[in-house]
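Below is one structure, written out as C-alpha coordinates; the observations come after it.
Side-chain atoms are counted along with the backbone in the values below, which use heavy atoms only and exclude waters and symmetry mates. The sequence lines fix the lettering, A, B, ..., with proteins before strands; numbering per chain opens at 1. The structure displayed is predicted, hence computed values, not measured ones.
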Protein chains: 2
Amino acid sequence: MPEPCVVVIEDEPQIRLFLRAALTGQGYRLFETGTGEDGLVEVASRQPDVVIVDLGLPDIDGLEVIARLREWSTVPIIVLSARGQEQDKIKALDAGADDYLSKPFGIGELLARMRVALRHRAHVDRDSAESTLTVGDLHIDLGRRRVLIQGAEVHLTPIEYRLLATLVRHAGKVITHRRLLHEVWGPNAGDQSHYLRVYMAHLRRKLEKDSARPRHLVTEPGVGYRLLTE
Amino acid sequence: MPEPCVVVIEDEPQIRLFLRAALTGQGYRLFETGTGEDGLVEVASRQPDVVIVDLGLPDIDGLEVIARLREWSTVPIIVLSARGQEQDKIKALDAGADDYLSKPFGIGELLARMRVALRHRAHVDRDSAESTLTVGDLHIDLGRRRVLIQGAEVHLTPIEYRLLATLVRHAGKVITHRRLLHEVWGPNAGDQSHYLRVYMAHLRRKLEKDSARPRHLVTEPGVGYRLLTE
DNA sequence: GCCTCATGTCAAGAAACGGTCAAGATCGAG
DNA sequence: CTCGATCTTGACCGTTTCTTGACATGAGGC
(Lines give C-alpha, C1' and ligand atoms only; values in the text may rest on other atoms or scores of the structure.)
Protein backbone atom coordinates (compact mmCIF):
# COMPACT_ATOMS: atom_id res chain seq x y z
CA MET A 1 0.00 0.00 0.00
CA PRO A 2 1.66 3.25 -1.06
CA GLU A 3 1.31 6.06 1.46
CA PRO A 4 -1.96 5.53 3.25
CA CYS A 5 -4.11 8.64 3.26
CA VAL A 6 -5.63 10.15 6.41
CA VAL A 7 -8.18 12.89 6.92
CA VAL A 8 -7.97 14.59 10.32
CA ILE A 9 -11.01 16.54 11.54
CA GLU A 10 -9.80 18.46 14.56
CA ASP A 11 -10.02 22.08 15.65
CA GLU A 12 -7.43 22.35 18.42
CA PRO A 13 -4.23 23.71 16.84
CA GLN A 14 -2.03 21.99 19.40
CA ILE A 15 -3.31 18.51 18.63
CA ARG A 16 -3.20 19.16 14.92
CA LEU A 17 0.44 20.07 15.19
CA PHE A 18 1.08 16.97 17.22
CA LEU A 19 -0.74 14.71 14.74
CA ARG A 20 0.87 16.34 11.74
CA ALA A 21 4.35 15.68 13.07
CA ALA A 22 3.60 12.09 14.00
CA LEU A 23 1.67 11.06 10.94
CA THR A 24 3.76 12.65 8.23
CA GLY A 25 6.78 11.19 9.99
CA GLN A 26 5.23 7.76 9.48
CA GLY A 27 4.70 8.36 5.79
CA TYR A 28 0.97 9.08 5.85
CA ARG A 29 -0.52 11.50 3.37
CA LEU A 30 -2.37 13.91 5.62
CA PHE A 31 -5.32 16.25 5.03
CA GLU A 32 -6.63 18.42 7.86
CA THR A 33 -9.82 20.33 8.44
CA GLY A 34 -11.01 22.26 11.47
CA THR A 35 -14.76 21.82 11.11
CA GLY A 36 -17.20 18.99 10.66
CA GLU A 37 -18.69 20.35 7.45
CA ASP A 38 -15.29 20.73 5.85
CA GLY A 39 -14.38 17.29 7.12
CA LEU A 40 -17.30 15.64 5.35
CA VAL A 41 -16.34 17.35 2.10
CA GLU A 42 -12.70 16.41 2.55
CA VAL A 43 -13.48 12.73 3.13
CA ALA A 44 -15.72 12.68 0.10
CA SER A 45 -13.10 14.20 -2.16
CA ARG A 46 -9.96 12.48 -0.78
CA GLN A 47 -11.41 9.00 -0.24
CA PRO A 48 -8.95 8.41 2.61
CA ASP A 49 -7.93 5.06 4.09
CA VAL A 50 -8.76 6.23 7.60
CA VAL A 51 -10.44 9.22 9.27
CA ILE A 52 -9.52 10.72 12.63
CA VAL A 53 -12.23 12.90 14.14
CA ASP A 54 -12.44 14.93 17.31
CA LEU A 55 -15.80 14.92 19.05
CA GLY A 56 -15.60 18.52 20.16
CA LEU A 57 -15.89 20.43 16.92
CA PRO A 58 -16.99 24.07 16.66
CA ASP A 59 -19.79 23.61 14.13
CA ILE A 60 -21.47 20.21 14.22
CA ASP A 61 -21.46 17.61 16.93
CA GLY A 62 -18.86 14.90 16.34
CA LEU A 63 -21.52 12.22 16.67
CA GLU A 64 -23.37 13.76 13.78
CA VAL A 65 -20.22 13.85 11.68
CA ILE A 66 -19.84 10.13 12.25
CA ALA A 67 -23.46 9.38 11.47
CA ARG A 68 -23.39 11.42 8.30
CA LEU A 69 -20.17 9.76 7.15
CA ARG A 70 -21.71 6.38 7.73
CA GLU A 71 -24.59 7.19 5.45
CA TRP A 72 -22.36 6.58 2.48
CA SER A 73 -18.86 5.56 3.58
CA THR A 74 -17.35 2.56 5.36
CA VAL A 75 -13.97 4.20 5.91
CA PRO A 76 -12.52 3.39 9.35
CA ILE A 77 -13.19 6.21 11.84
CA ILE A 78 -11.05 6.75 14.92
CA VAL A 79 -12.48 9.15 17.49
CA LEU A 80 -10.38 11.43 19.69
CA SER A 81 -12.08 13.06 22.60
CA ALA A 82 -11.36 15.11 25.66
CA ARG A 83 -14.24 13.33 27.36
CA GLY A 84 -13.54 9.88 28.69
CA GLN A 85 -16.95 9.06 30.08
CA GLU A 86 -18.17 5.58 29.21
CA GLN A 87 -21.43 6.95 27.84
CA ASP A 88 -19.54 9.12 25.36
CA LYS A 89 -17.56 6.17 24.10
CA ILE A 90 -20.62 4.00 23.71
CA LYS A 91 -22.50 6.66 21.80
CA ALA A 92 -19.63 7.28 19.42
CA LEU A 93 -18.95 3.60 18.77
CA ASP A 94 -22.64 2.89 18.22
CA ALA A 95 -22.89 5.86 15.90
CA GLY A 96 -20.41 4.07 13.64
CA ALA A 97 -16.93 4.85 14.93
CA ASP A 98 -14.42 2.02 14.89
CA ASP A 99 -12.25 3.13 17.78
CA TYR A 100 -12.15 5.75 20.52
CA LEU A 101 -9.20 7.33 22.28
CA SER A 102 -9.50 9.66 25.23
CA LYS A 103 -7.09 12.55 25.50
CA PRO A 104 -4.41 12.54 26.50
CA PHE A 105 -3.35 9.56 24.43
CA GLY A 106 0.04 8.23 23.40
CA ILE A 107 0.99 8.70 19.79
CA GLY A 108 2.26 5.12 19.67
CA GLU A 109 -1.13 3.81 20.63
CA LEU A 110 -2.86 5.96 18.03
CA LEU A 111 -0.49 4.71 15.35
CA ALA A 112 -1.06 1.10 16.41
CA ARG A 113 -4.82 1.55 16.28
CA MET A 114 -4.47 3.15 12.86
CA ARG A 115 -2.56 0.09 11.72
CA VAL A 116 -5.45 -2.05 12.93
CA ALA A 117 -7.86 0.07 10.93
CA LEU A 118 -5.72 -0.18 7.80
CA ARG A 119 -5.43 -3.93 8.27
CA HIS A 120 -9.21 -4.20 8.25
CA ARG A 121 -9.46 -2.21 5.07
CA ALA A 122 -6.70 -4.16 3.39
CA HIS A 123 -8.53 -7.33 4.23
CA VAL A 124 -11.72 -6.27 2.59
CA ASP A 125 -9.83 -5.05 -0.46
CA ARG A 126 -7.70 -8.14 -0.90
CA ASP A 127 -10.58 -10.41 -1.78
CA SER A 128 -11.88 -8.11 -4.46
CA ALA A 129 -8.48 -7.29 -5.93
CA GLU A 130 -7.23 -9.86 -8.40
CA SER A 131 -3.67 -10.28 -9.56
CA THR A 132 -4.03 -11.49 -13.09
CA LEU A 133 -1.93 -11.14 -16.22
CA THR A 134 -2.95 -11.49 -19.84
CA VAL A 135 -0.41 -11.63 -22.66
CA GLY A 136 -1.81 -12.48 -26.06
CA ASP A 137 -3.64 -15.78 -25.79
CA LEU A 138 -2.12 -16.55 -22.40
CA HIS A 139 -4.05 -15.67 -19.26
CA ILE A 140 -2.75 -16.24 -15.76
CA ASP A 141 -4.82 -15.71 -12.59
CA LEU A 142 -2.58 -15.95 -9.56
CA GLY A 143 -5.48 -15.46 -7.16
CA ARG A 144 -7.43 -18.43 -8.42
CA ARG A 145 -4.32 -20.34 -9.36
CA ARG A 146 -5.51 -20.86 -12.91
CA VAL A 147 -3.83 -20.70 -16.27
CA LEU A 148 -5.75 -20.39 -19.52
CA ILE A 149 -4.40 -20.67 -23.05
CA GLN A 150 -6.86 -19.48 -25.70
CA GLY A 151 -9.56 -19.70 -23.05
CA ALA A 152 -8.89 -23.35 -22.26
CA GLU A 153 -7.66 -24.26 -18.80
CA VAL A 154 -4.20 -25.79 -18.64
CA HIS A 155 -3.26 -28.10 -15.83
CA LEU A 156 0.13 -27.40 -14.28
CA THR A 157 1.92 -29.50 -11.67
CA PRO A 158 2.99 -27.71 -8.48
CA ILE A 159 6.53 -27.10 -9.67
CA GLU A 160 5.43 -25.99 -13.09
CA TYR A 161 3.02 -23.55 -11.51
CA ARG A 162 5.53 -22.17 -9.03
CA LEU A 163 8.00 -21.63 -11.85
CA LEU A 164 5.45 -19.82 -13.98
CA ALA A 165 4.18 -17.79 -11.03
CA THR A 166 7.71 -16.64 -10.26
CA LEU A 167 8.15 -15.53 -13.85
CA VAL A 168 4.78 -13.77 -13.76
CA ARG A 169 5.60 -11.89 -10.58
CA HIS A 170 8.59 -10.41 -12.38
CA ALA A 171 6.95 -10.29 -15.79
CA GLY A 172 9.07 -8.61 -18.41
CA LYS A 173 12.27 -8.82 -16.41
CA VAL A 174 15.00 -11.42 -16.63
CA ILE A 175 15.26 -13.77 -13.69
CA THR A 176 18.56 -15.54 -13.18
CA HIS A 177 18.86 -19.31 -13.02
CA ARG A 178 20.05 -18.98 -9.50
CA ARG A 179 17.05 -16.97 -8.39
CA LEU A 180 14.52 -19.22 -10.09
CA LEU A 181 16.05 -22.30 -8.51
CA HIS A 182 16.01 -20.63 -5.16
CA GLU A 183 12.38 -19.54 -5.36
CA VAL A 184 10.98 -22.74 -6.81
CA TRP A 185 13.12 -25.53 -5.38
CA GLY A 186 14.12 -23.81 -2.16
CA PRO A 187 17.42 -22.66 -0.77
CA ASN A 188 19.09 -26.06 -1.08
CA ALA A 189 18.71 -26.32 -4.83
CA GLY A 190 22.27 -25.19 -5.48
CA ASP A 191 22.93 -24.78 -9.18
CA GLN A 192 20.92 -27.69 -10.54
CA SER A 193 20.02 -25.66 -13.60
CA HIS A 194 19.18 -28.95 -15.23
CA TYR A 195 15.84 -28.79 -13.40
CA LEU A 196 15.11 -25.48 -15.01
CA ARG A 197 15.72 -26.79 -18.51
CA VAL A 198 13.41 -29.74 -17.95
CA TYR A 199 10.63 -27.67 -16.47
CA MET A 200 10.89 -24.79 -18.89
CA ALA A 201 10.45 -27.42 -21.58
CA HIS A 202 7.33 -28.68 -19.81
CA LEU A 203 5.89 -25.19 -19.55
CA ARG A 204 6.63 -24.41 -23.18
CA ARG A 205 5.05 -27.61 -24.35
CA LYS A 206 1.90 -26.65 -22.46
CA LEU A 207 1.81 -22.92 -23.14
CA GLU A 208 3.52 -22.29 -26.47
CA LYS A 209 2.17 -23.15 -29.89
CA ASP A 210 5.68 -23.67 -31.25
CA SER A 211 7.95 -24.52 -28.38
CA ALA A 212 11.01 -24.11 -30.59
CA ARG A 213 10.05 -20.48 -31.17
CA PRO A 214 8.65 -19.37 -27.82
CA ARG A 215 6.51 -16.23 -27.81
CA HIS A 216 6.14 -15.96 -24.03
CA LEU A 217 8.88 -17.86 -22.22
CA VAL A 218 12.17 -16.76 -23.69
CA THR A 219 15.71 -17.78 -22.81
CA GLU A 220 18.34 -15.23 -21.94
CA PRO A 221 21.45 -17.29 -22.74
CA GLY A 222 23.90 -17.48 -19.90
CA VAL A 223 21.63 -15.49 -17.59
CA GLY A 224 18.15 -16.82 -17.05
CA TYR A 225 14.61 -16.67 -18.38
CA ARG A 226 12.04 -13.99 -19.00
CA LEU A 227 8.28 -13.84 -19.45
CA LEU A 228 7.51 -11.44 -22.29
CA THR A 229 4.69 -9.00 -21.62
CA GLU A 230 3.95 -8.09 -25.24
CA MET B 1 -27.45 -12.72 13.10
CA PRO B 2 -28.89 -15.18 15.60
CA GLU B 3 -27.12 -15.21 18.97
CA PRO B 4 -23.57 -14.13 18.28
CA CYS B 5 -21.05 -16.55 19.74
CA VAL B 6 -18.15 -15.45 21.96
CA VAL B 7 -15.14 -17.34 23.25
CA VAL B 8 -13.64 -15.88 26.43
CA ILE B 9 -10.05 -16.81 27.31
CA GLU B 10 -9.58 -15.58 30.85
CA ASP B 11 -8.26 -17.16 34.02
CA GLU B 12 -9.45 -14.79 36.73
CA PRO B 13 -12.70 -16.22 38.16
CA GLN B 14 -13.96 -12.81 39.17
CA ILE B 15 -13.76 -11.37 35.70
CA ARG B 16 -15.24 -14.52 34.20
CA LEU B 17 -18.21 -14.19 36.48
CA PHE B 18 -18.55 -10.57 35.51
CA LEU B 19 -18.35 -11.29 31.80
CA ARG B 20 -20.68 -14.24 32.02
CA ALA B 21 -23.40 -12.16 33.65
CA ALA B 22 -23.02 -9.30 31.21
CA LEU B 23 -22.71 -11.29 27.99
CA THR B 24 -25.37 -13.91 28.53
CA GLY B 25 -27.64 -11.07 29.62
CA GLN B 26 -27.12 -9.53 26.17
CA GLY B 27 -28.01 -12.77 24.41
CA TYR B 28 -24.51 -13.90 23.50
CA ARG B 29 -23.69 -17.61 23.35
CA LEU B 30 -20.68 -17.84 25.61
CA PHE B 31 -17.82 -20.35 25.84
CA GLU B 32 -15.10 -19.90 28.45
CA THR B 33 -11.63 -21.33 28.91
CA GLY B 34 -8.99 -20.57 31.48
CA THR B 35 -5.86 -21.29 29.45
CA GLY B 36 -4.40 -20.25 26.11
CA GLU B 37 -4.11 -23.79 24.77
CA ASP B 38 -7.73 -24.57 25.56
CA GLY B 39 -8.67 -21.23 24.08
CA LEU B 40 -7.09 -22.03 20.73
CA VAL B 41 -8.91 -25.34 20.58
CA GLU B 42 -12.18 -23.73 21.62
CA VAL B 43 -11.96 -21.05 18.94
CA ALA B 44 -11.23 -23.70 16.34
CA SER B 45 -14.18 -25.83 17.31
CA ARG B 46 -16.75 -23.13 18.07
CA GLN B 47 -15.90 -20.76 15.22
CA PRO B 48 -17.03 -17.78 17.31
CA ASP B 49 -17.96 -14.34 16.03
CA VAL B 50 -15.60 -12.64 18.45
CA VAL B 51 -12.87 -13.66 20.89
CA ILE B 52 -12.06 -11.97 24.19
CA VAL B 53 -8.63 -12.78 25.53
CA ASP B 54 -6.80 -11.78 28.68
CA LEU B 55 -3.09 -11.13 28.24
CA GLY B 56 -2.11 -12.63 31.59
CA LEU B 57 -2.81 -16.32 31.12
CA PRO B 58 -1.27 -19.07 33.22
CA ASP B 59 0.15 -21.18 30.38
CA ILE B 60 1.05 -19.23 27.23
CA ASP B 61 1.67 -15.55 26.79
CA GLY B 62 -1.42 -13.75 25.55
CA LEU B 63 0.57 -12.28 22.68
CA GLU B 64 1.36 -15.76 21.49
CA VAL B 65 -2.28 -16.76 21.68
CA ILE B 66 -3.08 -13.86 19.40
CA ALA B 67 -0.30 -14.66 16.98
CA ARG B 68 -1.26 -18.33 16.79
CA LEU B 69 -4.90 -17.48 16.22
CA ARG B 70 -3.93 -15.15 13.43
CA GLU B 71 -2.11 -17.95 11.63
CA TRP B 72 -5.43 -19.30 10.47
CA SER B 73 -8.29 -17.16 11.71
CA THR B 74 -9.51 -13.63 11.08
CA VAL B 75 -12.00 -13.61 13.95
CA PRO B 76 -12.08 -10.26 15.79
CA ILE B 77 -9.95 -10.35 18.96
CA ILE B 78 -10.54 -8.00 21.88
CA VAL B 79 -7.78 -7.94 24.48
CA LEU B 80 -8.34 -7.37 28.17
CA SER B 81 -5.34 -6.60 30.29
CA ALA B 82 -4.40 -5.51 33.76
CA ARG B 83 -1.49 -3.67 32.21
CA GLY B 84 -2.25 -0.32 30.63
CA GLN B 85 1.21 0.63 29.41
CA GLU B 86 1.29 1.98 25.89
CA GLN B 87 3.91 -0.56 24.83
CA ASP B 88 1.66 -3.43 25.87
CA LYS B 89 -1.18 -2.08 23.81
CA ILE B 90 1.00 -1.56 20.76
CA LYS B 91 2.42 -5.06 20.94
CA ALA B 92 -0.98 -6.67 21.27
CA LEU B 93 -2.54 -4.65 18.47
CA ASP B 94 0.40 -5.31 16.17
CA ALA B 95 0.26 -9.00 16.98
CA GLY B 96 -3.19 -9.05 15.43
CA ALA B 97 -5.63 -7.92 18.11
CA ASP B 98 -8.44 -5.62 17.01
CA ASP B 99 -9.02 -3.78 20.26
CA TYR B 100 -7.52 -3.40 23.71
CA LEU B 101 -9.17 -2.56 27.03
CA SER B 102 -7.27 -1.95 30.23
CA LYS B 103 -8.77 -3.16 33.47
CA PRO B 104 -10.80 -1.90 35.09
CA PHE B 105 -13.14 -1.28 32.18
CA GLY B 106 -16.83 -0.53 31.99
CA ILE B 107 -19.03 -3.31 30.77
CA GLY B 108 -20.91 -0.87 28.59
CA GLU B 109 -17.74 0.04 26.75
CA LEU B 110 -16.82 -3.59 26.26
CA LEU B 111 -20.24 -4.31 24.83
CA ALA B 112 -20.00 -1.31 22.51
CA ARG B 113 -16.59 -2.43 21.28
CA MET B 114 -17.95 -5.91 20.73
CA ARG B 115 -20.71 -4.43 18.61
CA VAL B 116 -18.02 -2.71 16.54
CA ALA B 117 -16.24 -6.04 16.10
CA LEU B 118 -19.43 -7.79 15.04
CA ARG B 119 -20.18 -4.98 12.61
CA HIS B 120 -16.78 -5.53 10.98
CA ARG B 121 -17.32 -9.24 10.72
CA ALA B 122 -20.75 -8.87 9.22
CA HIS B 123 -19.21 -6.55 6.71
CA VAL B 124 -16.37 -8.84 5.74
CA ASP B 125 -18.66 -11.83 5.54
CA ARG B 126 -21.11 -10.06 3.33
CA ASP B 127 -18.39 -9.01 0.91
CA SER B 128 -16.41 -12.20 0.69
CA ALA B 129 -19.14 -14.81 0.66
CA GLU B 130 -22.80 -15.01 -0.06
CA SER B 131 -24.48 -16.95 2.68
CA THR B 132 -25.93 -19.19 0.01
CA LEU B 133 -24.36 -20.71 -3.07
CA THR B 134 -25.84 -22.67 -5.94
CA VAL B 135 -23.69 -24.48 -8.48
CA GLY B 136 -25.49 -26.77 -10.86
CA ASP B 137 -27.55 -29.24 -8.84
CA LEU B 138 -25.74 -28.38 -5.61
CA HIS B 139 -27.20 -25.80 -3.26
CA ILE B 140 -25.57 -24.72 -0.01
CA ASP B 141 -27.15 -22.38 2.53
CA LEU B 142 -24.59 -21.42 5.14
CA GLY B 143 -27.11 -19.38 7.10
CA ARG B 144 -29.51 -22.26 7.61
CA ARG B 145 -26.72 -24.81 7.66
CA ARG B 146 -28.42 -26.86 4.94
CA VAL B 147 -27.08 -28.64 1.89
CA LEU B 148 -29.31 -29.74 -0.97
CA ILE B 149 -28.41 -31.92 -3.92
CA GLN B 150 -31.03 -31.93 -6.68
CA GLY B 151 -33.43 -30.42 -4.16
CA ALA B 152 -32.99 -33.22 -1.65
CA GLU B 153 -31.43 -32.42 1.69
CA VAL B 154 -28.14 -34.13 2.44
CA HIS B 155 -27.10 -34.85 5.99
CA LEU B 156 -23.51 -33.90 6.79
CA THR B 157 -21.60 -34.63 9.98
CA PRO B 158 -20.11 -31.61 11.77
CA ILE B 159 -16.66 -32.06 10.27
CA GLU B 160 -18.00 -32.70 6.81
CA TYR B 161 -20.04 -29.53 7.07
CA ARG B 162 -17.17 -27.39 8.31
CA LEU B 163 -14.97 -28.67 5.52
CA LEU B 164 -17.59 -27.86 2.91
CA ALA B 165 -18.36 -24.49 4.48
CA THR B 166 -14.69 -23.54 4.36
CA LEU B 167 -14.54 -24.44 0.69
CA VAL B 168 -17.73 -22.46 0.04
CA ARG B 169 -16.40 -19.38 1.80
CA HIS B 170 -13.54 -19.33 -0.70
CA ALA B 171 -15.50 -20.76 -3.61
CA GLY B 172 -13.54 -20.84 -6.82
CA LYS B 173 -10.18 -20.43 -5.14
CA VAL B 174 -7.75 -23.13 -4.17
CA ILE B 175 -7.42 -23.67 -0.45
CA THR B 176 -4.23 -25.34 0.69
CA HIS B 177 -4.18 -28.52 2.72
CA ARG B 178 -2.58 -26.58 5.53
CA ARG B 179 -5.29 -23.96 5.63
CA LEU B 180 -8.15 -26.44 5.47
CA LEU B 181 -6.67 -28.45 8.31
CA HIS B 182 -6.25 -25.30 10.38
CA GLU B 183 -9.77 -24.07 9.78
CA VAL B 184 -11.53 -27.38 10.25
CA TRP B 185 -9.43 -29.32 12.75
CA GLY B 186 -7.87 -26.38 14.57
CA PRO B 187 -4.35 -25.18 15.10
CA ASN B 188 -2.97 -28.48 16.34
CA ALA B 189 -3.82 -30.46 13.24
CA GLY B 190 -0.30 -30.20 11.90
CA ASP B 191 -0.02 -31.73 8.46
CA GLN B 192 -2.39 -34.65 8.93
CA SER B 193 -3.55 -34.35 5.35
CA HIS B 194 -4.81 -37.87 5.74
CA TYR B 195 -7.93 -36.43 7.42
CA LEU B 196 -8.59 -34.35 4.37
CA ARG B 197 -8.47 -37.30 2.03
CA VAL B 198 -10.89 -39.29 4.14
CA TYR B 199 -13.35 -36.44 4.50
CA MET B 200 -13.14 -35.25 0.93
CA ALA B 201 -14.05 -38.80 -0.01
CA HIS B 202 -17.05 -38.62 2.33
CA LEU B 203 -18.20 -35.32 0.86
CA ARG B 204 -17.79 -36.54 -2.68
CA ARG B 205 -19.73 -39.69 -1.99
CA LYS B 206 -22.58 -37.53 -0.68
CA LEU B 207 -22.43 -34.67 -3.16
CA GLU B 208 -21.06 -35.99 -6.43
CA LYS B 209 -22.83 -38.27 -8.87
CA ASP B 210 -19.56 -39.83 -9.94
CA SER B 211 -17.05 -39.41 -7.18
CA ALA B 212 -14.24 -40.53 -9.45
CA ARG B 213 -14.99 -37.59 -11.74
CA PRO B 214 -15.95 -34.79 -9.35
CA ARG B 215 -17.79 -31.83 -10.84
CA HIS B 216 -17.73 -29.67 -7.72
CA LEU B 217 -15.00 -30.71 -5.32
CA VAL B 218 -11.82 -30.90 -7.33
CA THR B 219 -8.30 -31.74 -6.23
CA GLU B 220 -5.39 -29.45 -6.97
CA PRO B 221 -2.58 -31.98 -6.78
CA GLY B 222 0.16 -31.06 -4.39
CA VAL B 223 -1.67 -27.93 -3.27
CA GLY B 224 -5.17 -28.34 -1.93
CA TYR B 225 -8.80 -28.45 -2.97
CA ARG B 226 -11.19 -26.16 -4.75
CA LEU B 227 -14.96 -25.80 -4.99
CA LEU B 228 -15.80 -25.07 -8.60
CA THR B 229 -18.26 -22.24 -9.16
CA GLU B 230 -19.16 -23.02 -12.76
C1' DG C 1 34.53 -27.52 -40.95
C1' DC C 2 34.89 -28.96 -36.17
C1' DC C 3 34.90 -28.47 -31.35
C1' DT C 4 32.68 -26.81 -27.17
C1' DC C 5 29.55 -24.96 -24.10
C1' DA C 6 24.88 -23.88 -22.96
C1' DT C 7 20.52 -25.38 -23.76
C1' DG C 8 16.61 -28.47 -25.12
C1' DT C 9 14.38 -33.17 -25.39
C1' DC C 10 13.09 -37.66 -23.99
C1' DA C 11 12.32 -41.54 -21.11
C1' DA C 12 12.58 -44.61 -17.03
C1' DG C 13 12.86 -45.51 -12.19
C1' DA C 14 11.93 -43.59 -7.67
C1' DA C 15 9.25 -41.14 -4.63
C1' DA C 16 5.35 -38.70 -3.20
C1' DC C 17 0.57 -38.12 -3.32
C1' DG C 18 -4.28 -39.02 -3.26
C1' DG C 19 -8.29 -42.27 -3.00
C1' DT C 20 -10.48 -46.09 -0.79
C1' DC C 21 -11.78 -49.39 2.66
C1' DA C 22 -12.28 -50.95 7.16
C1' DA C 23 -11.17 -51.69 11.94
C1' DG C 24 -10.84 -49.57 16.44
C1' DA C 25 -11.71 -45.44 19.51
C1' DT C 26 -14.62 -41.93 21.09
C1' DC C 27 -18.60 -39.41 22.06
C1' DG C 28 -23.37 -38.39 23.19
C1' DA C 29 -28.28 -39.68 23.68
C1' DG C 30 -31.55 -42.56 25.61
C1' DC D 1 -24.78 -48.99 30.37
C1' DT D 2 -25.71 -49.73 25.66
C1' DC D 3 -26.20 -48.37 21.10
C1' DG D 4 -25.42 -45.79 17.09
C1' DA D 5 -23.16 -42.12 14.90
C1' DT D 6 -18.94 -40.02 14.23
C1' DC D 7 -14.12 -39.51 14.29
C1' DT D 8 -9.39 -41.32 14.08
C1' DT D 9 -6.00 -44.29 12.41
C1' DG D 10 -3.70 -47.81 9.60
C1' DA D 11 -3.04 -50.40 5.37
C1' DC D 12 -3.19 -50.84 0.51
C1' DC D 13 -3.06 -49.52 -4.34
C1' DG D 14 -2.98 -46.90 -8.52
C1' DT D 15 -1.49 -42.58 -10.43
C1' DT D 16 0.91 -38.42 -10.80
C1' DT D 17 4.94 -36.02 -10.25
C1' DC D 18 9.81 -35.51 -9.53
C1' DT D 19 14.44 -36.66 -10.33
C1' DT D 20 18.04 -38.26 -12.97
C1' DG D 21 20.77 -39.73 -16.84
C1' DA D 22 21.57 -40.06 -21.70
C1' DC D 23 21.46 -37.89 -25.86
C1' DA D 24 20.23 -34.11 -29.41
C1' DT D 25 20.57 -29.45 -31.02
C1' DG D 26 22.50 -25.12 -32.07
C1' DA D 27 25.31 -20.90 -31.73
C1' DG D 28 29.95 -19.08 -31.49
C1' DG D 29 35.03 -19.43 -31.54
C1' DC D 30 39.11 -21.60 -33.60
Margin query: Please enumerate all residues that pass side chain to side chain contact (heavy atoms under 4.5 Å, CB included) together with Thr33(B), with sequence neighbours excluded.
Written below: Ile9(B), Asp38(B), Glu42(B)

Next item on the list: Describe, in one word, how the ring planes of Tyr225(B) and His177(B) are oriented to each other, choosing from parallel (under 30°), tilted (30 to 60°) and perpendicular (over 60°).
Entry: perpendicular

Next item on the list: For the residue pair His120(A) and His120(B), categorise the inter-ring angle as parallel (less than 30°), tilted (30 to 60°) or perpendicular (more than 60°).
Entry: tilted

Is any side-chain nitrogen or oxygen of [X] closer than 4.0 Å to OP1 or OP2 of [N]?
| X | N | result |
| --- | --- | --- |
| Ser193(B) | dG18(C) | no |
| Trp185(B) | dT8(D) | yes |
| Tyr195(A) | dC18(D) | no |
| Tyr199(B) | dC7(D) | yes |

Could you state the [atom1]-[atom2] distance from [X] to [N], rounded to the nearest angstrom?
| X | N | atom1 | atom2 | result |
| --- | --- | --- | --- | --- |
| Arg197(A) | dC23(D) | CZ | P | 16 Å |
| Gln192(B) | dC17(C) | CD | P | 14 Å |
| Asp191(B) | dT9(D) | CG | P | 13 Å |
| Arg162(B) | dT6(D) | CZ | P | 15 Å |
| His177(B) | dA16(C) | NE2 | P | 16 Å |
| Met200(A) | dT9(C) | CE | P | 10 Å |
| Leu181(B) | dG18(C) | CG | P | 11 Å |
| Ile159(A) | dT16(D) | CD1 | C1' | 13 Å |

What contact category does [X] fall into here, base, sugar-phosphate, or nothing, at under 4.0 angstrom with non-hydrogen atoms?
| X | value |
| --- | --- |
| Leu196(B) | nothing |
| Tyr225(A) | sugar-phosphate |
| Thr219(A) | sugar-phosphate |

Side-chain ion pair, [X] and [Y], N-O less than 4.0 Å:
| X | Y | answer |
| --- | --- | --- |
| Arg115(A) | Asp94(B) | yes |
| Asp141(A) | Arg146(A) | no |
| Arg215(A) | Asp210(A) | no |

Checklist line | Earlier contact from the 5' end, DNA chain D, for Leu156(B) and Pro221(B) | finding: Leu156(B)

Margin query: Side chains of Arg119(B) and Thr74(A) only: does a donor on one sit below 3.5 Å from an acceptor on the other?
Written below: no

Next item on the list: Confirm from the modelled atom types if His194(B) and dG18(C) form a donor-acceptor pair under 3.5 Å, side chain to base only.
Entry: no

Note to self: Within residues 201-210 of chain B, which residues have any heavy atom lying less than 4.0 Å from an atom of DNA chain D?
What the structure shows: none

